[in-house]
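Comments concern the structure below.
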Amino acid sequence: MEEGKIIGSVSTNYQTNNSLLGYSVMNAGNLNGFNWMARNSGKVASNYRNPYDGRVFNSGFRELNGNGYIGLNKSWGYSHLTLSTFNQLVGLVEGDRDTITGQFLKPVARGADNIVGEPQSEDALRTYTLQVPRQQINHLRIGTENNFIFNQSRLTLNVGWQQNLRREFGNPADYYEESLFFQLRTVDYSLRYFLPEVNGWNTTIGTSGMRQQNVNKGVEFLIPAYQLFDAGAFAVTKKTFGKLDLSGGLRYDWRRIEADNLYLDAEEQPVPAPTGEMKFPGFVSTFRNVSGSVGGSFEATEKLVLKANVARGFRAPNIAELGSNGIHEGTIRYEIGNPALKAETSFQLDAGASYETEHVGLRIDAFRNQIQNYIFPRRLPGATGADSLSVDGDPVFVYGQGDARLLGGEFTIDIHPHPLDWLHFENSFSIVRAQERNQPDSLRNLPFIPADRLQSEVRVNFNKVGTHFANLYARAGIEHTFAQNRFFSAFGTETRTPGYTLTNASIGTDVVTSQAKTLFSIYLTGTNLFNVGYQSHLSRLKYAAFNPANGRSGVFNMGRNVSVKLVVPLVFK
């Protein structure tokens, strides 16, 4: 920010579909090298609606967030103390319905052990109140960001402490009982040294890592208590040879996860071993690997740029993939981890080309990724082998792995005819193909892969319109998602998803004085304007209960939504 200024802003937002109300207040300044920024924002939303489900029971949420920093900017660099807090209360949609009317059911306790479903009318769903199940997330991070400048080099050091408290309330007989309660604390660091340039080579070396500890404080258990230790060292370098830019890097990573064992009695309370039934077997997993990449960009002509890259990647499995064992309300499934999982390693080739003229911009990117020990969940077959296993009506998913191949790419064209510099016509098409190698048809396609997608948008921008309007823009476009016919069909893990087309539009402008001072900015945005009923292939709600009222399964995504946002800038100095 410019020296000697103190600014701020106030904004508010309203959305028609779920009656969302939001606000944001910001203040920032820079006086004699002392600078700061503080922001507070909040949102509250009711149940969203769509043409097939009406209002979706328990789909509202609340948020109250804040972030900011204070610090010094001097000739030697800068040092900032940062703070962020994220607080959210969100309803978890399960999609249970009345088998005759199709109305959503609210779980109600008729005694300690008698939970019944109470049908909810459209009027009953016009509320901001969140029901069971719901989650409360409180995330706090305190950190320091530092950048020290030396003669021909510089050093950056970032250190942070985080606490994430995630509670899940799932007992209709006790609204405030913490069924699940994870206390996750993390200390992380990142150190980078940017070496002086040598013969055109710009090189950076560094290290990063974290220590993490999770404690279970609820009455139910989904993942074990654990400690995680992570460390890595890396080096990257780049140089320009005329029209050719080259870059590359290497990284070594080490991760250790120590999970505690847990035994439960008949009342599902923790007990000493071996008097109870084992819920989590304790384990220690250690992963280490080397990853790296090398790539280049070549300016073939003034208009044509060619790019290519080859990379080896590494990902260690997370605690849910390794150790989960329980009903996960948010996903409508029972999940079982696998402590024997190996780390994923990948070998990727990607290439691209961009061509820019006065009137048209073209870009094409493609990749081929071979992943060994690719980790993904699949439904567990039942005793007969023909159906899937379930626990309390929720299907059982187990994490496994195999060798996978992913192919894909994106093509983009931007038409901006001269002299109509204010007009843009942008189009993009993206595609991904993902398969596990050496598998029969029902097991070949990997699960949870997005469908092909086509986006097309017309946009106009005007720096000045008349005396009182600046930065005026308007845009209209469509998003067409193709049918996903390539899915993991074994044991009903996935089903086909039909294609759909969404139409969106928006307009916005700054309202200014005759001296070009901004009074306020206003934005109007409409999504899914034709109120299309659709389900994303990646939506967990696709697999919710059947609706006898319309003959469709699952819960659909949000319908037509119009948003209006007002931003008022403030200048104090």
Side-chain angles (χ1 to χ4, degrees), residues 1 3 26-41 65-88 137-166 182-197 201-214 226-238 247-257 287-293 311 313-316 318-319:
M1 182 187 298
E3 169 68 34
M26 185 274 291
N27 175 255
N30 186 357
L31 299 177
N32 300 318
F34 176 73
N35 55 93
W36 71 91
M37 190 280 292
R39 184 187 303 274
N40 174 260
S41 63
N65 309 316
N67 65 85
Y69 72 89
I70 57 173
L72 284 175
N73 286 23
K74 295 293 185 178
S75 58
W76 49 261
Y78 64 79
S79 182
H80 293 162
L81 178 67
T82 64
L83 173 69
S84 66
T85 173
F86 174 82
N87 305 278
Q88 185 183 65
I137 302 99
N138 302 103
H139 187 92
L140 173 67
R141 187 181 193 280
I142 303 172
T144 176
E145 298 177 354
N146 305 277
N147 181 52
F148 303 105
I149 301 173
F150 307 109
N151 289 333
Q152 300 294 325
S153 62
R154 64 187 179 97
L155 178 75
T156 65
L157 173 64
N158 299 333
V159 180
W161 177 88
Q162 302 178 60
Q163 176 174 267
N164 186 288
L165 304 178
R166 182 179 294 265
F182 308 116
Q183 180 194 69
L184 180 65
R185 290 177 173 172
T186 305
V187 176
D188 60 90
Y189 66 91
S190 175
L191 177 68
R192 291 179 172 86
Y193 180 55
F194 299 80
L195 279 71
E197 181 180 316
W201 290 97
N202 294 283
T203 303
T204 304
I205 59 175
T207 180
S208 62
M210 65 177 173
R211 181 187 183 276
Q212 199 172 71
Q213 182 178 34
N214 178 70
Y226 71 92
Q227 294 188 77
L228 181 149
F229 305 89
D230 185 279
F234 62 88
V236 295
T237 188
K238 61 181 180 178
S247 63
L250 283 174
R251 181 181 176 96
Y252 175 78
D253 282 286
W254 174 86
R255 172 170 290 189
R256 181 182 179 89
I257 299 178
F287 308 96
R288 54 175 63 87
N289 220 303
V290 175
S291 55
S293 67
F314 159 76
R315 187 185 79 87
N318 60 43
I319 189 62

> Is the closest side-chain donor-acceptor distance between S79 and N146 under 3.5 Å?
Replying inline: yes
> Looking just at side-chain N and O atoms, do Q227 and R256 make a donor-acceptor pair shorter than 3.5 Å?
Replying inline: no
>> Taking side-chain hydrogen bond (donor to acceptor under 3.5 Å, both in side chains) as the definition, give me every residue that meets it alongside N87, ordered by chain and number, with sequence neighbours left out.
In response: T85, N138
>> Restricting to non-hydrogen atoms, name the atom on Y252 and the atom on V290 that form the minimum distance, rounded to 0.1 Å.
In response: CD1-CG2, 3.8 Å
>> Can you tell me how far apart CD (Q163) and CD1 (I142) are? Round to the nearest 0.5 Å.
In response: 9.5 Å
> Between N164 (side chain) and Q183 (backbone), is there a donor-acceptor pair under 3.5 Å?
Replying inline: no
>> Is a donor from one side chain sitting under 3.5 angstrom from an acceptor on the other, for H80 and N147?
In response: no
> Within a strict 4.5 Å, meaning less than it, do heavy atoms of the R166 and L184 side chains meet?
Replying inline: no
> For the rings on F34 and W36, is their centre-to-centre separation under 6.0 Å?
Replying inline: yes
> So how far is it from T156 OG1 to Y78 OH, rounded to the nearest 0.5 Å?
Replying inline: 7.0 Å
>> Can you confirm whether N32 sits close enough to E3 that some side-chain heavy atom of one is under 4.5 Å from a side-chain heavy atom of the other?
In response: yes
> Do we get R154 above F194's six-membered ring, with its NZ or CZ under 6.0 Å from the centre and within 45° of the axis?
Replying inline: yes
> How close do S153 and P196 get, heavy atom to heavy atom, and via which atoms?
Replying inline: CB-CD, 3.8 Å
>> Quick check against the 3.5 Å criterion: does T203 have a side-chain atom that pairs as donor or acceptor with the backbone of T237?
In response: no
> Considering only heavy atoms from C-beta outward, does the side chain of N67 approach that of M37 to under 4.5 Å?
Replying inline: yes
> Can you tell me how far the CG atom of D188 sits from the CZ atom of R211, to the nearest 0.5 Å?
Replying inline: 13.0 Å
>> Quiz question: by atom type and distance under 3.5 Å, do the side chains of Q212 and Y226 form a donor-acceptor pair?
In response: yes
> What pairs with R192 under salt bridge (charged side-chain N to carboxylate O under 4.0 Å, His left out), at least two apart in sequence or on another chain?
Replying inline: none
> Is it true that atom CD of Q152 has more than 12 heavy atoms of other residues, nucleotides or ligands lying nearer than 6.0 Å?
Replying inline: no
>> Side chains of V236 and N202, heavy atoms from C-beta outward: is any pair under 4.5 Å?
In response: no
>> Are Y69 and N35 packed together at the side-chain level, in the sense that at least one heavy-atom pair is separated by less than 4.5 angstrom?
In response: yes
>> Checking side-chain polar atoms at under 3.5 Å, does S208 have a donor or acceptor matched by the opposite partner on S190?
In response: no
>> Contact between R315 and R255 at the side-chain level, heavy atoms closer than 4.5 Å - yes or no?
In response: no
> How many angstroms lie between CG in D230 and CH2 in W254, if you round to the nearest 0.5 Å?
Replying inline: 8.5 Å
> Do I257 and N318 touch side chain to side chain, with heavy atoms closer than 4.5 Å?
Replying inline: no
> Is R251 salt-bridged to D253, cutoff N-O under 4.0 Å?
Replying inline: yes
> Distance from Y189 atom OH to N158 atom CG, nearest 0.5 Å?
Replying inline: 13.0 Å
>> For the CG atom of N214 and the CG atom of L228, what is their distance to the nearest 0.5 Å?
In response: 10.5 Å
